[in-house]
Amino acid sequence: MAIKKKNSKHSPNGSRRHNGASPATTIDLRTYSIPDLRLEHPDLSVRQSTEKDGHVRYEVTGNLDAPVPPIRDSKYLSKQQCIEIYRYMLLNRKMEVALENLYKQGKVVGGVYFGLGQEACSCASAYALDKDDWFAPMIRNQGSLLVRGFAARDTMMQYMAKADSPTRGRDGTSHFGDIEKRNMVSPISMLGDLIPVLSGVALGARLQGRNVAVMTYIGDGGQSTGVTYEGINFAAVQNLGLVLFIESNLWAYSTPSEMQYRCKDLAERAIGYGIPGVIVDGTDACQVYDAAREAVERAHAGEGPTLIEAKMMRMKGHAIHDAASYVPKPMFDFWKKRDPIARFDNYLVKEKKWLSSKENAELISEVERIIEAEREIAINSPMPEPESAEGGVYCEDGCHDIKPKYGTPKVKKGTGGYKETEAAVHLK
Amino acid sequence: MAIKKKNSKHSPNGSRRHNGASPATTIDLRTYSIPDLRLEHPDLSVRQSTEKDGHVRYEVTGNLDAPVPPIRDSKYLSKQQCIEIYRYMLLNRKMEVALENLYKQGKVVGGVYFGLGQEACSCASAYALDKDDWFAPMIRNQGSLLVRGFAARDTMMQYMAKADSPTRGRDGTSHFGDIEKRNMVSPISMLGDLIPVLSGVALGARLQGRNVAVMTYIGDGGQSTGVTYEGINFAAVQNLGLVLFIESNLWAYSTPSEMQYRCKDLAERAIGYGIPGVIVDGTDACQVYDAAREAVERAHAGEGPTLIEAKMMRMKGHAIHDAASYVPKPMFDFWKKRDPIARFDNYLVKEKKWLSSKENAELISEVERIIEAEREIAINSPMPEPESAEGGVYCEDGCHDIKPKYGTPKVKKGTGGYKETEAAVHLK
Amino acid sequence: MQLTYLEAIRQGIWEEMDRDPSVFCLGEDIGIYGGAFKVTDGFIDRFGPERVIDTPIAESAIVGAAFGASLTGMRPVAEFQFMDFIGCAFNQISNMVAKTHYLWGAPAPLVLRGPSGGYVHGGPFHSQNPEMWFVHNPGLKVICPATPYDAKGLIKAAIRDNNPCIFFEHKYLYRRIKGEVPADDYVVPIGKANIVREGRDLSIVTYAAMVHTALEAAEILAKENIDLEILDLRTVSPLDREAIAATVKKTNKVIILHEHSRTGGLAGEIAAIINEEVFDDLDGPIVRITGLDSAVPFSPPQEHHYLPKVEDVVRESRRLKAY
Amino acid sequence: MQLTYLEAIRQGIWEEMDRDPSVFCLGEDIGIYGGAFKVTDGFIDRFGPERVIDTPIAESAIVGAAFGASLTGMRPVAEFQFMDFIGCAFNQISNMVAKTHYLWGAPAPLVLRGPSGGYVHGGPFHSQNPEMWFVHNPGLKVICPATPYDAKGLIKAAIRDNNPCIFFEHKYLYRRIKGEVPADDYVVPIGKANIVREGRDLSIVTYAAMVHTALEAAEILAKENIDLEILDLRTVSPLDREAIAATVKKTNKVIILHEHSRTGGLAGEIAAIINEEVFDDLDGPIVRITGLDSAVPFSPPQEHHYLPKVEDVVRESRRLKAY
Ligand SMILES: Cc1ncc(C[n+]2csc(CCOP(=O)(O)OP(=O)(O)O)c2C)c(N)n1
Ligand SMILES: Cc1ncc(C[n+]2csc(CCOP(=O)(O)OP(=O)(O)O)c2C)c(N)n1
Ligand SMILES: [Mg+2]
Ligand SMILES: [Mg+2]
């Protein structure tokens with residue numbers, strides 16, 4: 001990411017110059033570079049059109065036959081790391097297949113949300129975090145949870161509302177958290193609220209002398225919320241290590257991204273925040289990782305937030321109930337060819353030859369065995385007792401021993417700063 | 001405004017190109033032009049610094065001796081119009097002097113807010129509106145109210161909480177509205193909420209077949225609110241004629257703009273909204289007018305919103321109680337030299353010779369007479385009866401006859417679009 | 001004809017849009033998709049994308065824009081995808097919309113509507129009943145219908161009302177209940193409660209989905225010779241004080257039943273009203289049956305435990321009868 | 001020593017910051033300026049800009065960031081410049097902060113504090129008492145002190161509490177009342193009400209500025225041989241049910257007095273509690289004295305009319321005594 005070294009407080013994306021000294025023509029020309037790691041720039045565009053039968057439908061235009069680009073070699077990932085990410089992506093997908101089956105068997109409470117087509121984004125982003133870093137997934141980032149050390153059963157039990165689920169039945173999907181071991185903040189349904197929260201995590205850590213990276217995600221739809229703006233701006237002004245992935249997957253429920261914003265790419269919003277923005281192909285794990293890792297390193301170096309826009313498509317409906325019939329079919333065809341797992345498989349097996357077909361097959365069946373075993377455990381967990389609905393609204397005395405996670409917070413040193421203020425005087 | 005003709009849906013501020021076809025080096029370079037009408041670019045910057053005595057204070061750096069730039073000749077304003085704007089600016093200032101005196105005489109309830117140093121911004125912006133356009137002032141835009149045909153007594157009576165004030169005592173300051181004659185929406189204290197509201201006004205008018213301009217204001221501080229973002233984005237996506245002035249007056253209460261945002265200029269945020277942004281010297285009435293007028297014309301032509309950042313300084317404290325001792329004194333000196341009225345006076349009298357000194361003196365005393373007369377009327381209004389606190393929470397039957405302001409709304413024509421939907425069938 | 005609760009609401013809005021060109025809809029996914037629950041299904045085809053507007057995900061902007069449009073004489077109907085998200089527009093509703101008429105006299109004829117309520121395993125963020133925050137917010141009308149007839153008549157009344165109305169549609173009822181709805185144009189007056197079952201022993205004051213719970217309990221209790229009177233409030237702000245007073249005057253014992261959490265809930269307000277209006281007529285304490293004081297848990301056994309049930313009404317009615 | 005209410009709060013936060021390095025402050029204009037009401041005056045000099053953070057004007061971000069920091073074991077104290085602006089962070093408070101512990105077990109030791117209340121001609125946007133929205137929001141503790149002693153002891157307790165606390169400071173009291181505050185470290189327990197005046201004829205249940213109104217009324221009524229007992233709730237969530245029940249059991253008659261608007265207000269909740277706990281002890285209807293059901297008007301005569309007054313308490317006490 002070219003912007004990495006530019007650590008100026010203002011306009012990290014750009015430079016400016018004035019052309020001309022004559023008053024009448026002074027105009028401020030600014031050049032911003034939004035690094036774009038993609039190896040293709042799909043030009044598809046969606047709009048509402050009223051058809052002859054009176055129906056309003058979405059229509060797609062653009063080159064739907066463009067060839068599939070290659071995977072971009074990572075600047076950082078080793079062979080082993082690539083395979084590990086690939087394995088997480090497989091786990092992610094197989095787990096979601098298992099969830100779909102559980103749903104069909106009537107074992108799921110409510111709906112199921114899928115990250116189909118977005119596994120590279122979830123897995124390679126979370127893979128870029130260090131152990132001490134923090135993260136919060138959104139509903140499609142079930143892969144991130146696996147990378148961060150949660151078991152598939154955790155998510156499965158959440159969907160089945162089981163007694164042993166991380167929230168003991170109280171919430172579903174990826175709505176759970178863990179502040180003890182895995183540094184995960186639970187999402188809530190309201191889109192964008194996590195962004196200032198993760199910024200606050202970075203602030204808390206910094207007060208304890210630690211620059212941690214805090215990664216979270218937001219959709220092309222969810223980023224329209226005001227709290228997204230407040231949260232990113234807060235991180236920018238406070239120079240906090242927020243790594244925000246905008247999962248630009250073309251749809252927000254049934255609404256195409258054209259109806260969420262009017263700029264060309266959401267990464268452009270980084271300019272107005274005064275922080276680096278970068279665009280990656282969200283179906284290319286290497287690009288996702290590289291951008292994420294550079295952002296994480298900026299965070300660790302105390303250089304502030306980064307906005308990463310990952311472009312891809314949501315390859316199912318909003319949730320399992322939604323057949324996505326509003327999506328023009330050619331869009332599915334276009335993006336199906338860009339399936340992140342098929343492409344990574346091809347890259348590892350055929351291009352790089354880092355995996356033999358046999359090893360690949362073994363890996364796949366190992367993953368399937370794991371998921372099957374997890375599924376068994378999850379299914380066998382009981383439903384919670386009705387009475388377990390009660391209690392825990394407050395953290396009662398002794399329920400938690402709260403101390404700063406990273407050691408004693410920094411305190412202004414010496415008494416030089418001490419002043420006989422009104423309060424200090426009164427204190428005597 | 002150079003962007004005026006660029007009516008493309010995406011990135012109206014810029015163009016983009018890809019440099020290089022080689023995968024490893026693809027980077028997306030984008031050039032945005034943010035037109036900047038200013039004839040100087042002050043480089044002052046404020047930051048917190050801990051001094052030897054342990055006190056944390058604001059420190060200003062930059063060239064504090066820069067010469068005062070000339071007024072930029074307007075592309076549109078005639079001599080008469082310039083004088084009229086000047087007259088409103090005088091009225092604005094004299095009214096605020098009168099308010100300050102009323103306060104000292106104990107006649108004001110609560111505080112007084114001033115637009116000192118910002119009169120050009122309030123008056124010249126509102127002057128660019130046509131009669132059918134809508135606006136909503138913020139608390140410092142008392143000049144806008146005068147331009148839009150309200151009398152000084154209206155604002156004065158608001159401050160004194162009089163029975164004849166526009167809100168009959170129920171609210172103070174510029175918190176009043178008029179949807180019948182002057183197309184004004186009342187502000188509320190919460191910053192930014194007006195922005196989607198004004199966008200909605202434009203939407204309502206458009207549904208009635210009319211593209212109106214809707215002008216409102218927001219401070220460099222208030223624009224940090226999420227609702228600002230939601231509102232501008234809504235106008236951008238819906239292509240509504242919002243004309244938003246960011247009054248970049250360097251302070252939000254005691255907080256310098258450096259602590260509100262990290263980009264260089266707030267006009268840069270226009271890029272992320274995909275709308276035109278422009279910077280003007282907020283102490284130069286001609287620049288303010290020209291930018292406002294072009295934005296209003298864009299709105300009338302159905303070309304969508306415009307973001308105008310007006311740079312200036314708040315020349316008093318936040319309100320009358322605030323001595324603004326946190327502001328480094330040299331900043332006041334710097335901006336005092338840029339007083340919008342003194343500069344405009346000099347421009348009209350000395351440079352353009354559009355006003356003789358005598359005419360100017362007459363104008364000033366006419367304005368003083370008007371304000372004195374308004375003051376008398378305002379003072380003589382009674383206080384409201386206690387019981388007038390009651391009633392009017394709901395609009396009861398017959399309290400308003402509501403009909404579309406601009407005629408019958410557009411309705412989808414013909415029965416071609418009609419479809420025997422479930423609902424239609426049920427309706428039979 | 002027999003309509004579902006959902007279809008009744010849909011027809012109500014449809015008819016108002018047909019009748020009055022100043023009515024239009026906006027919200028998330030309400031156009032081509034027809035809304036998360038399909039309340040506006042087919043609207044975009046009939047009324048066009050100008051009057052059926054898909055918005056960005058920005059609740060404060062949706063409410064703000066609806067309010068702004070209402071100031072020009074339009075009558076916007078804004079959908080919240082779930083009423084749980086209404087907190088995202090809270091300030092806009094409370095400080096901008098609700099105070100407008102009182103402060104500067106402008107009417108704001110807008111409707112904010114959407115699905116609320118539990119019993120569908122929606123979990124903590126898709127089961128909420130947030131009406132109390134708006135009951136405690138002068139300037140708003142808050143409507144919570146229980147039947148298809150009322151739902152249609154009240155949505156039409158809300159659209160025609162010159163005040164901001166918040167219309168809570170109980171998602172459990174959407175497709176689960178059907179009822180007779182006349183073909184002719186009609187409205188149900190806002191602010192009027194309705195006795196849905198006459199009885200002599202004690203009164204249940206309730207609304208929305210709980211009306212059906214109360215009716216079920218009444219059937220059971222009838223067999224034990226306990227005769228419930230059930231008052232469906234229909235509108236929770238402004239409240240129909242007369243109707244509340246009248247039923248208590250008649251039966252002298254009252255249970256207030258609501259789905260939302262107990263503390264600070266509507267039952268308290270009604271208890272205070274009863275004290276003010278008919279204290280001397282009370283022959284027993286005012287009893288509350290409500291949701292628990294927590295978020296609504298997701299897991300079905302927990303949700304069941306959390307929410308008021310028929311057996312709760314049966315048990316409390318027996319207890320109060322015996323008092 | 002004698003301190004103002006404001007100074008007591010300021011000392012409380014100061015001492016906690018001195019004592020515990022995990023406590024820090026954030027908010028608008030709290031640093032060099034010391035806050036709109038100067039509650040954090042001098043803090044930035046003493047504790048440095050890292051622990052006294054001036055934020056952008058973004059209430060949802062302030063609450064979100066405070067919450068995030070609390071998850072790392074910090075104890076943030078976030079200031080709202082006026083509590084009227086708390087609606088701008090409503091969703092973040094209600095759905096993120098309040099539900100956290102119940103849903104996924106994380107404690108969130110943060111304090112949201114700021115000035116609330118009327119009687120200062122602040123008008124509709126600077127006089128609000130928005131506590132009810134949070135009382136009806138399980139998972140939050142809501143604190144409204146009336147005296148310097150309680151204010152200091154409760155702000156310290158709130159900072160040490162492992163739950164999100166909302167701390168309403170009555171701006172009318174800030175500099176108008178003084179009271180004895182011990183020099184030693186102490187806390188006042190959250191959730192415990194306090195009898196500030198013992199009496200036998202009837203009870204006034206109230207809190208915050210209204211405690212002083214009730215005390216003034218009691219002086220007047222004492223001359224007429226009407227002896228008021230005054231219960232200062234101090235914490236409005238969780239409520240001290242025992243204390244409420246005990247005073248009603250003692251006097252058998254009760255007036256609930258609060259400043260915020262009537263409908264959906266705290267008096268309703270308390271009326272319901274009294275019904276549940278001590279119905280048989282009531283010798284008269286539960287009486288409410290509250291603000292009117294509208295925004296708080298700006299003009300002094302109107303504001304005076306809107307807000308509860310000493311004479312209201314005197315009049316209603318006489319009436320209830322005679323019942
Ligand atoms: C504030 C808010 N408003 C509305 C919703 C309802 N909702 C849930 S997901 C969704 C679409 C989200 O789209 P996007 O952010 O693009 O994420 P994606 O589903 O594409 O991953 C909507 C409207 C919500 N969760 N939060
Ligand atoms: C949402 C919200 N938060 C806080 C405030 C309190 N407040 C009133 S004015 C102000 C400063 C505004 O600064 P700016 O927007 O730059 O406008 P200026 O006063 O400089 O014109 C603040 C913090 C408010 N009115 N609204
Ligand atoms: Mg999306
Ligand atoms: Mg400012």
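On a predicted model such as this, the values are computed, not experimentally measured, just so you know. All chains are named by letter (A, B, ...) in the order of the sequence lines, taking the proteins before the strands, and each is independently numbered beginning at 1.
Between chain B and the options C/Gly73, C/Ser22, C/Ser60, C/Gly68, the largest number of non-hydrogen pairs under 4.5 Å is found for C/Gly68. Put simply, of B/Lys405, B/His400, B/Glu396, the one with the most heavy-atom pairs under 4.5 Å next to chain C is B/His400. Taking B/Thr408, B/Asp178, B/Val185 one by one and counting their heavy-atom pairs under 4.5 Å with chain C, the maximum is reached by B/Val185. Annotation: maximal heavy-atom pairing with chain C below 4.5 Å, among B/Tyr229, B/Tyr406, B/Tyr394, occurs at B/Tyr394. For the set B/Ser199, B/Gly177, B/Ser186, B/Pro166, the count of heavy-atom pairs under 4.5 angstrom toward chain C peaks at B/Ser186. When the candidates B/Pro196, B/Gly204, B/Gly226 are compared by the number of heavy-atom contacts under 4.5 Å with chain C, B/Pro196 comes out ahead. Ranked by heavy-atom pairs under 4.5 Å with chain B, the first of C/Ala89, C/Ala61, C/Pro164 is C/Ala61. In terms of non-hydrogen atom pairs under 4.5 Å with chain C, the most contact-rich of B/Arg206, B/Lys403, B/Met190, B/Gln238 is B/Met190.
Looking at C/Leu140, the atoms closer than 4.5 Å to chain B (heavy atoms on both sides) all sit in the backbone: N, CA, C or O. Neither the backbone nor the side chain of B/Asn183 has a heavy atom closer than 4.5 Å to any heavy atom of chain C. Within the 4.5 angstrom heavy-atom criterion, only backbone atoms of C/Asp54 (N, CA, C, O) approach chain B. C/Pro138 touches chain B through backbone and side chain together, each having a heavy atom under 4.5 Å away. Looking at C/Asn163, the atoms closer than 4.5 Å to chain B (heavy atoms on both sides) all sit in the side chain, from C-beta outward. Residue B/Leu194 touches chain C through both its backbone and its side chain, counting heavy-atom pairs closer than 4.5 Å. Neither the backbone nor the side chain of C/Leu110 comes within contact range of chain B, judged by heavy atoms closer than 4.5 Å. When heavy atoms are compared at a cutoff of 4.5 Å, B/Gln208 approaches chain C solely by way of its side chain, counted from C-beta outward. At a 4.5 Å heavy-atom cutoff, the contact between B/Thr167 and chain C is made by backbone and side-chain atoms alike. With a 4.5 angstrom heavy-atom cutoff, C/Pro238 touches chain B via backbone and side-chain atoms both. When heavy atoms are compared at a cutoff of 4.5 Å, B/Pro404 approaches chain C by way of both its backbone and its side chain.
If you take OG on C/Ser237 and CD1 on C/Ile190, they are separated by 11.0 Å, rounding to the nearest 0.5 Å. Note that NE2 of C/His170 is 7.5 Å distant from OH of C/Tyr5, once rounded to the nearest 0.5 Å.
The neighbour count for B/Glu390 CD, taken as heavy atoms of other residues, nucleotides or ligands under 6.0 Å away, is above 12.
For C/Phe90 and C/Phe134, the ring centers are positioned less than 6.0 Å apart.
For residues 85-114 of chain C, every residue pair satisfying the salt bridge (Lys or Arg N to Asp or Glu O under 4.0 Å) rule, not counting sequence neighbours, is listed here: C/Glu79-C/Arg113, C/Arg113-C/Glu169. For residues 161-196 of chain B, the ring-ring contact (aromatic ring centres under 6.0 Å, His included) pairs, not counting sequence neighbours, are B/Phe150-B/Phe176, B/His175-D/Phe125. Applying the salt bridge (Lys or Arg N to Asp or Glu O under 4.0 Å) rule to pairs touching residues 156-177 of chain B yields nothing, sequence neighbours excluded.
For the residue pair C/Thr100 and C/Phe67, the shortest heavy atom distance occurs at OG1-CZ, 3.1 Å.
C/Gln2 and C/Lys178 form no side-chain donor-acceptor contact under 3.5 Å, judged by distance and modelled atom types alone.
Here C/Asp185 pairs with C/Arg160 in a salt bridge; the nearest charged N to carboxylate O distance falls below 4.0 Å. Between C/Glu16 and C/Arg75, no side-chain nitrogen of the basic residue sits less than 4.0 Å from a carboxylate oxygen of the acidic one, so the salt-bridge criterion is not met. In this structure, C/Glu277 pairs ionically with C/Arg241, as a charged nitrogen and a carboxylate oxygen lie closer than 4.0 Å. With salt bridges taken as basic N to acidic carboxylate O contacts below 4.0 Å, none links C/Asp240 and C/Arg234.
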> side-chain hydrogen bond (donor to acceptor under 3.5 Å, both in side chains) between C/Asn162 and C/His101: does it pass, once the steps are laid out?
Replying inline: CA-CA 10 Å; C/Asn162 285 349; C/His101 196 269; over 6 Å; no

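Ring orientation note: the planes of C/Tyr186 and C/Tyr149 are close to parallel, at an angle under 30° on the 30°/60° scale.
Heavy-atom proximity under 4.5 angstrom to chain B picks out nothing from residues 30-39 of chain C.
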